[in-house]
Number of protein chains: 2
Amino acid sequence: MDRAPPNKKPYHHGGLREALVQAGIDILTEGGLSSFTLRECARRAGVSHAAPKNHFPTVEHLKAEIGARGFEQMQRELAAAADAAPSPSAEGRLLAMGAAYVRFATANPAAYQMMFRDQDSFERTPHYSAAAEAAWTQLEEAVAAVIGAERPDVEARAAHAFALVHGFASLIIDGRLPPGLGTDAVIAQSLASLPAALRGLGTA
Amino acid sequence: MDRAPPNKKPYHHGGLREALVQAGIDILTEGGLSSFTLRECARRAGVSHAAPKNHFPTVEHLKAEIGARGFEQMQRELAAAADAAPSPSAEGRLLAMGAAYVRFATANPAAYQMMFRDQDSFERTPHYSAAAEAAWTQLEEAVAAVIGAERPDVEARAAHAFALVHGFASLIIDGRLPPGLGTDAVIAQSLASLPAALRGLGTA
DNA sequence: ATATTTATGTTGACGGCGTCAATTTTACTG
DNA sequence: CAGTAAAATTGACGCCGTCAACATAAATAT
């Protein structure tokens, strides 16, 4: 009857694929990107070092799956933040999303790195591609709501917004910002300039 | 007489430390971050795999040195770009530096990654720290020239500018921008909003 | 000049990694 | 109840970074 997650273990393990993903997320949370290892994922899942092969052809496929989950989780948090924005205007929603974006990245630094850093491997799986694309669409729509969807440069303006929040997130995660400059206040101040910057450009 | 680089080889190798750094840069240029290996650096320098130990206690120290060179090179290019700016105003210089920043990162993606990505290792050497700090100071001064050095939020505004260019650079390097959005024109358009954004905030 | 000390490199080993091939165990299916 | 296919184990391979022991060559001291 039951196939994947229930208490019954239909196969040898019963849900190794899912267990590997969860183990990987735990490892990232506990020890950061450098402690992530395929063999350690297997250990935590209680299987031998070669067992993952049946569910993920290479370690990059597992990383891609974890990255996809990260995009999905972030998308949920951004949507919630937009709905909970103090001002329900398009601007208010965009600013709330921007703040939530940086908050997600700094709260889950290793997962965020797994989402964005190609280490090289372009083993982008369909799931990863879809999740990343959905997150991009979410951002693009929020920008379009601010500047008007008919604007021919909506994509370019979305890229601007994306670069700003991703830049802050990356710099904070890598510790490359002088102390005191990665705070919510500083970021909120920078985000405040975003609507004007988005609107003021590209109409030329 | 001659000690370090000349044709004479006073020691066993004569300049292994420098040769390792250069080999590392070559590897990054040719094969990207994932092909960088301490043993491969040693191979290219023509020494055994353990020889680097005498010059760099760990591979992270070598990475830090290469990262430091990257910061120094970038700083030179930014200064040259500012001096060659079409408009010699503070704004013109800042915009030229921003464009040069993204250009450097995309032209040397692996070196840029080595400069910024901590892989974890906080083996920051004095040289690395000094070079990174100098680059930050350069940016801060350019921002101060635009908005006025007496502004109490110069650092925070510099962080804003830093995040924007670093965000673009990172997204492009990691291939996370939809095709066509990493072009010079799009970036120039975003940079154009920077002076107004920097000035318009934080005076409150 | 010779001896000693120090710096530099080599060799070989260690454990950990990702991947693969061969094999065994378990579940599904006709 | 077969027979097949899926899932997992074992053991090996070649890499990697690091270390300890040893060898060599340069600098220094006597």
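We name chains A, B, ... by the order of the sequence lines, and we start the count at 1 in each one. Any value given below was found using the heavy atoms of this structure, including those in side chains, with hydrogens, waters and symmetry copies removed.
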| task | Sequence neighbours left out, what pairs pass salt bridge (Lys or Arg N to Asp or Glu O under 4.0 Å) with at least one residue falling in residues 15-39 of chain B? | result | B:Arg17-B:Glu65, B:Glu18-B:Arg69, B:Glu30-B:Arg44
Applying side chain to side chain contact (heavy atoms under 4.5 Å, CB included), name anything that partners [X], two or more places apart in sequence or on another chain.
{"X": "A:Gln138", "value": "A:Gln75, A:Leu78, A:Ala79, A:Met97"}
{"X": "B:Ala96", "value": "B:Ala85"}
{"X": "B:Ala135", "value": "B:Phe71"}

Could you list the residues that satisfy side-chain hydrogen bond (donor to acceptor under 3.5 Å, both in side chains) with [X], not counting sequence neighbours?
{"X": "B:Glu140", "result": "B:Trp136"}
{"X": "A:Tyr101", "result": "A:Tyr112"}
{"X": "B:Glu77", "result": "B:Gln73"}

Given atom [atom1] of [X] and atom [atom2] of [N], what is their separation to the nearest angstrom?
{"X": "A:Glu60", "N": "C:dC17", "atom1": "CD", "atom2": "P", "value": "16 Å"}
{"X": "A:Glu18", "N": "D:dA7", "atom1": "CD", "atom2": "P", "value": "15 Å"}
{"X": "B:Arg17", "N": "C:dG9", "atom1": "CZ", "atom2": "C1'", "value": "17 Å"}
{"X": "A:His61", "N": "C:dT19", "atom1": "NE2", "atom2": "C1'", "value": "13 Å"}

| request: For A:Arg76, enumerate each residue passing the salt bridge (Lys or Arg N to Asp or Glu O under 4.0 Å) test, keeping only those at least two apart in sequence or located in another chain. | output: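 Scan of A:Arg76 (salt bridge (Lys or Arg N to Asp or Glu O under 4.0 Å), adjacent residues dropped) gives none.
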| message | Quick check on contacts: within residues 36-45 of chain A, what sits under 4.0 Å from DNA chain C by heavy-atom distance? | response |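 Close to the strand are A:Thr37, A:Leu38, A:Arg39, A:Arg43.
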| Members of residues 25-32 of chain B that approach DNA chain C, where some heavy atom sits under 4.0 Å away | none
| said: Show every ring-ring contact (aromatic ring centres under 6.0 Å, His included) that has at least one partner inside residues 168-195 of chain B, sequence neighbours left out. | reply: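 Sorted pair list comes back empty.
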| field | Residues touching DNA chain D, which here means a heavy atom under 4.0 Å, drawn from residues 49-56 of chain B | value |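 Within this stretch, B:His49, B:Ala50, B:Lys53 sit under 4.0 Å of the strand.
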| query | Is any side-chain heavy atom of B:Cys41 closer than 4.5 Å to a side-chain heavy atom of B:Phe36? | reply | yes
